[in-house]
Amino acid sequence: MSFSAADHTFMARALQLAQRGLFSTTPNPRVGCVIVRDGGVIGEGWHEKAGLPHAEIGALQAIVGAGALCVPGIPLRGQATARGATAYVTLEPCSHFGRTPPCADALIEAGLARVVVAMQDPNPMVAGQGMAKLAAAGIDVASGLLAAEAKELNIGFVSRMTRGRPWLRLKVAASLDGKTALNNGVSQWITGAEARRDAHAWRARSCAVLTGIGTVRDDNPRLTVRDVQTARQPLKVVIDSRLETPLDAAVLEGGNVLIAAAQEDAGRAAALRARGAEIVLLPNAQGKVDLAGLLLELGRRGVNEVLAEAGTRLNGSLLRENCVDELLIYQAPILLGDAARGMFGLAELTDLAGARHLKIIERRVVGADFRIRARFA
């Protein structure tokens, strides 16, 4: 399907708007909408939080006060109506009743002439039905414009809707020689303040931050977002097979903690619940936590993105059990030596044919450090 330069401009603006919900929309997707008439924007909207109006409704509501909008580089038409206009939406308008009424119905009632959609909604409750409803009402519907960008913005939502599990990023802070801690366990701080602040932004966009009991004991992390502004804290998830989390662990402060265990211990469980933790038993055949089962459980709870910040052993387990979708690696320009701890506890290879290949999707300098994002090829 052919799209004009103006179509690209307005959809790019809709994606910018969708970004505003990066830290807040979970479990819903991040969506932006721009309504255009006679070549100028008459309304904009984005989804801010579950239960609040969707992007399309926000854009329609903004038309009344369009004169107050300021869109740099894009012409604005005030005092207009949506009738005969074009809407650019980053995700297919919903067609069902959830916490809010169907957006497809609202666009039809507003008299839109054309709706351009970046990508189809992967939610089985929508999955093309929203666009079909618009087309049946006589609206010209086009889709696929900047679809890759729209999918990337909601990669966790897409994962949960298509696989039943969240998208898991494994974050590692390491030296240039691939070490994450000294042999005695000291690891604070390998990377600089800018890299740590950047990592907090990845925490903020995640629905859950996951770690293991080893990291809880060694580093006593809080797993909260502190270095960027956000109104929502992610769920804190601790993999603790034998319920050994200390009752004074920082991760328990403020609640919002899920402990995944493999063995029943009524006394320890009661004490941890008294500290505000929720406990779920997910044993595998080896008496450890079923990591794949945990991801499915998080998916059932509406978790779209998980940021794993763990130690060498759990990192290796997540990789071995194919739970990792993306690596987020910060490398500092320092050397820690052979005796220091590595990034992943993986078995020795005797043949390079057994190596797992990755595709680097981003390289960036963050302060004095490097940030690398990679996905399995």
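A salt bridge does not link Arg222 to Glu253: none of the charged nitrogens lies less than 4.0 Å from a carboxylate oxygen. Between Lys171 and Asp198, none of the side-chain N atoms (NZ, or NE/NH1/NH2) sits under 4.0 Å from a carboxylate O, so this pair counts as no salt bridge. A salt bridge links Glu278 to Arg301: at least one charged side-chain nitrogen sits closer than 4.0 Å to a carboxylate oxygen. Asp240 has no carboxylate O lying under 4.0 Å from a charged side-chain N of Arg268, or vice versa, which leaves the two without a salt bridge. Using a 4.0 Å cut-off between a side-chain N of Lys or Arg and a carboxylate O of Asp or Glu, Glu297 and Arg300 qualify as a salt bridge.
Screening Ile360, Leu328, Leu358 for a side chain to side chain contact (heavy atoms under 4.5 Å, CB included) with Ile372, the sole residue that qualifies is Ile360.
Not a single donor-acceptor pair under 3.5 Å links the side chain of Arg364 to the backbone N or O of Glu362. A donor-acceptor contact shorter than 3.5 Å is absent between the side chain of Ser159 and the backbone of Ile155. A donor-acceptor pair under 3.5 Å links the side-chain atoms of Glu92 to the main chain of Asp121, judged by distance alone. A donor-acceptor pair is defined here as one N or O able to donate and one able to accept, closer than 3.5 Å; such a pair exists between the side chain of Arg275 and the backbone of Leu247. With Arg169 contributing its side chain and Trp202 its backbone, the two residues share no donor-acceptor pair below 3.5 Å.
Between Phe10 and Tyr88, the ring planes lie tilted relative to each other; the angle falls in the 30° to 60° range.
Taking the ring axis of Phe157 as reference, the NZ or CZ atom of Arg30 does not stay both within 45° of it and closer than 6.0 Å to the ring centre.
With sequence neighbours excluded, the residues satisfying side chain to side chain donor-acceptor pair (under 3.5 Å) with Asp177 are Ser175.
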Candidate pair Thr90 and Leu146, rule side-chain contact (heavy atoms from CB on, under 4.5 Å), full reasoning: CA-CA 8 Å; Thr90 59; Leu146 301 183; over 6 Å; no
side-chain contact (heavy atoms from CB on, under 4.5 Å) evaluation trace for Leu223 with Arg203: CA-CA 8 Å; Leu223 298 187; Arg203 274 190 190 181; 4.1 Å; yes
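Considering only heavy atoms from C-beta on, Leu294 comes within 4.5 Å of Val237 through its side chain.
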